[in-house]
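Report on the structure given below.
Counting convention: from 1, in listed order, for ligands and their atoms alike. Count residues from 1 along the sequence. All values below come from the heavy atoms of this structure, side chains included, with hydrogens, waters and symmetry mates left out. Fair warning: this is a prediction, and the values are worked out from it, not measured in the lab.
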Amino acid sequence: MTRAILTLNSGSSSLKLGLFDEDLNALAMGHVDRIGRREAAMKLTGSDGAPLPLPETAPEAFATNAAALKTALAAFHADFERLEIVAVGHRVVHGGIDHAAPERVTPALIKDLARLAPFAPLHQPHNLAGIRAAIDAFPGVPQIVCYDTAFHRGHPFVSDVYALPRAYYDKGVRRYGFHGLSYDYINGELARREPGLHAGRVVVAHLGSGASICALKGGKSIASSLGFSALDGLPMGTRSGELDPGVVLYLMDQEGMSAADISDLLYKKSGLLGLSGISNDMRTLEASDHPHAAQAIAYFAFRIKREIGAMAAALGGLDGVVFCGGIGENSARLRAEVCADMGWLGIALDPQANAQDAPEIGSDRVRVLVIPTNEEIVIARAARQVLSQ
Ligand code: ADP
């Protein structure tokens, strides 16, 4: 039997599974998205990245996160029969102040992480549900978690704090930053492929359904556009991004909205979806000729551009920009809009390289790279490391 590590990335409406051998070669990947919607779908790929045939599934197979997880695990059934799963690695969105390094799941840790659910109400409960389901499916197998907040825990004070009375900082109202597994992967790739750039000042734009920007100085995160919750910074598929807190007060006082109403508005109905009124999906917006679709894309690009400028100031200059995530890796149009008129900062694109999603697309002083991110392998690496301790 081949020994293998399973990774689980259990989000609010998507689920990603990875199977790796002990040398961290990918054996298979599974991806379910749009969980709970009629258009929910699963994709399976083999070790060569080629699609695998899908098993027959019942209509309710993706109705809830728990059902989707069961369906996806069942799809790997044949693999599980020939593999010995030696560890299950999990992405957990929030480690709070106390948890940064990857660690083994214990009943006490689950309780501790559940206490952080109010900090990430749309993500943490799903992460924990994934852990519980994996404990049931693989009893006795070590479960190992790694945190999306961990990569940013070394932020300097000014990047970690809000200007509220100090008591709130002490209670954990801080800027945590997220997408840490993705930034960890990109940082590792820079160290491996571009050591000179890795030692310098780099802005990484992780642009997927969730989106954020991270400033890397000498391989360390010094600032992130995401803060206390997964709502800050850039607009996202359905999330508002940065908002004047006065808007929230107005919605409560004048529109009589409850915290639950506002949460629903800001997490699920805003961002590209809210602005366009058409879709949260970049491909759909790019294909639309409705002016509101173009405006939503323009706002997204403008906020990314602004954030790159802000991060360049935080870094004291800029040597490189990296695009990653579904949009960053695939949308030549978005990258072109972001980088337009950025010559003042030393950023310009080679249009042909950009159109081909080439690994290197810049044509000026600042290097501009497209690096496909891989959160799954970061989880698998962490699981292997903890297992060996
Ligand atoms: P998640 O955060 O759920 O992992 P992804 O990183 O998969 O999300 O990114 C999803 C986004 O990437 C969607 O908005 C999708 O439309 C966009 N995307 C994927 N492929 C393309 C493409 N070829 N052109 C433009 N956008 C794309």
Quick one: side chain to side chain donor-acceptor pair (under 3.5 Å) partners of Glu103, sequence neighbours excluded? His99, Tyr147
Just jot down the side chain to side chain donor-acceptor pair (under 3.5 Å) partners of His155, sequence neighbours excluded, or say none. Ser221
Give me the other members of the hydrophobic cluster that Val161 sits in, counting Ile, Leu, Val, Met, Phe, Trp and Tyr linked by side-chain heavy atoms under 4.5 Å, directly or via other members. Phe157, Tyr169
Knowing that exactly one of Arg91, His90, Lys16, His126 qualifies, which makes a side-chain hydrogen bond (donor to acceptor under 3.5 Å, both in side chains) with Asn9?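 Only one of Arg91, His90, Lys16, His126 forms a side-chain hydrogen bond (donor to acceptor under 3.5 Å, both in side chains) with Asn9, namely Arg91.
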Describe, in one word, how the ring planes of His206 and Tyr183 are oriented to each other, choosing from parallel (under 30°), tilted (30 to 60°) and perpendicular (over 60°). perpendicular
N/O to N/O under 3.5 Å, ligand 1 against protein:
residue	atom	partner	partner atom	Å
ligand 1	2 (O)	Ser209	N	3.1
ligand 1	2 (O)	Ser209	OG	3.4
ligand 1	3 (O)	Ser209	OG	2.9
ligand 1	4 (O)	Lys16	NZ	2.7
ligand 1	6 (O)	Gly326	N	2.9
ligand 1	8 (O)	Ser209	N	3.2
ligand 1	8 (O)	Ser209	OG	3.1
ligand 1	12 (O)	Ile327	N	3.3
ligand 1	14 (O)	Met282	N	3.0
ligand 1	16 (O)	Asp281	OD1	2.5
ligand 1	16 (O)	Met282	N	3.1
ligand 1	16 (O)	Arg283	N	3.1
ligand 1	16 (O)	Arg283	NE	3.2

Test item: Asn354 side-chain N/O and Ile361 main-chain N/O as donor-acceptor pair under 3.5 Å: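 Checked: no pair found.
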